[in-house]
Protein chains: 2
Amino acid sequence: MSANEEPNGECYCPEFHRAIEVIGKRWSGPILQSMLGGLTRFSDIRDNVPGLSDRLLSERLKSFEELGVVERCTATRDIHYHLTDLGKQVEPVFDAVEVWAIQLSKVAPLPD
Amino acid sequence: MSANEEPNGECYCPEFHRAIEVIGKRWSGPILQSMLGGLTRFSDIRDNVPGLSDRLLSERLKSFEELGVVERCTATRDIHYHLTDLGKQVEPVFDAVEVWAIQLSKVAPLPD
DNA sequence: TCACATTGCTTACCTTACGTAAGCTGCTTA
DNA sequence: TAAGCAGCTTACGTAAGGTAAGCAATGTGA
């Protein structure tokens with residue numbers, strides 16, 4: 001969809017669909033945001049995201065690794081998880097989400 | 001996190017978390033993208049998104065309406081769903097996702 | 001006008017994903 | 001050497017999603 005907007009269909013893109021399912025899957029956002037914020041250790045990420053369990057963090061990190069978004073690093077004795085270049089490239093997405101999150105909270109404020 | 005990066009915690013934000021769960025919930029992305037592409041009718045959106053069922057589309061549209069992202073319009077006999085201003089403001093997010101989707105597909109291509 | 005199709009839903013049922021809790025191995029510190 | 005933490009895995013119940021059918025209201029065609 002560019003200049004000559006027609007309200008037709010065919011605005012579906014499987015690559016987009018997959019990407020937003022990866023980013024938007026439950027807990028994926030806060031996990032990746034924690035890692036963009038500099039956290040690399042399992043327990044640091046878990047402790048930074050309220051409600052996130054070991055099980056889900058483990059599951060997400062594994063699938064991120066399989067996708068090439070995160071790299072599991074066992075060079076030192078401590079295990080570290082690092083964002084790959086691909087992983088770091090989600091930052092603009094999250095910046096845009098932050099902007100929208102503020103708008104959303106104006107219209108539909110969070111409880112508390 | 002800005003210039004003076006410290007790999008500390010406290011990069012968790014509940015507004016961000018909520019926003020990315022709304023956008024990233026299953027099917028939400030493709031539904032909103034279809035609507036940004038100009039589709040307003042239930043069956044047009046459903047037919048544009050492969051795999052999306054009536055049940056889920058109905059459920060998502062209802063929750064979008066409750067959040068103020070979508071407006072249900074019954075002025076004419078045909079029912080139309082329109083993005084509100086808030087809804088239209090997700091566009092920058094989706095633009096950023098599209099860019100990342102291309103990067104992701106280079107590293108982890110989709111099957112077929 | 002009477003059968004048939006379409007739109008925008010809802011309901012019922014089963015499967016997959018997630019929440020919760022416990023446990024377990026390897027290493028460290030007291 | 002007992003206790004503790006980090007990074008997992010396993011087991012089990014609940015919630016979300018997939019699949020399919022149905023259904024009232026309107027349109028359409030013969």
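Throughout, protein chains are lettered first and strands after them, A, B, ... in sequence-line order, and every chain is numbered starting at 1.
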Donor-acceptor under 3.5 Å (B:T40 side chain, B:H82 main chain): no
Spacing between A:H80 atom NE2 and D:dG7 atom P, to the nearest angstrom: 8 Å
Atom pair CG (B:L104) and NZ (B:K106), whose distance is rounded to the nearest 0.5 Å: 11.0 Å
Polar side-chain atom of A:T84 near backbone of A:E71 as donor-acceptor pair, under 3.5 Å: no
Side-chain donor or acceptor of B:W100 paired with backbone N/O of A:E91 under 3.5 Å: no
C:dT28 OP1/OP2 closer than 4.0 Å to side-chain N/O of A:R77: yes
Those residues of residues 49-65 of chain A lying under 4.0 Å from DNA chain C by at least one heavy atom: A:S53, A:R55, A:L56, A:E59, A:R60
Spacing of B:F42 atom CZ relative to D:dA25 atom P, expressed in whole Å: 18 Å
From B:I23 atom CD1 to B:I31 atom CD1, the distance as rounded to the nearest 0.5 Å: 13.0 Å
Nucleic acid contacts - residues 21-28 of chain A versus DNA chain D, non-hydrogen atoms under 4.0 Å: none
Considering all heavy atoms, the nearest A:A101-B:E15 contact: CB-O, 3.6 Å
Sequence neighbours excluded - side chain to side chain donor-acceptor pair (under 3.5 Å) pairs with any residue from residues 52-63 of chain B: B:R46-B:D54, B:R55-B:E59
Length of the line joining B:L39:CG and C:dT7:C1', which is rounded to integer Å: 15 Å
Interatomic distance, A:R26 atom CZ to B:K25 atom NZ [nearest 0.5 angstrom]: 6.0 Å
Gap between atoms CZ and P, on A:R46 and D:dA6 respectively (whole Å): 7 Å
Gap between atoms CG and P, on B:D78 and C:dT6 respectively (whole Å): 15 Å
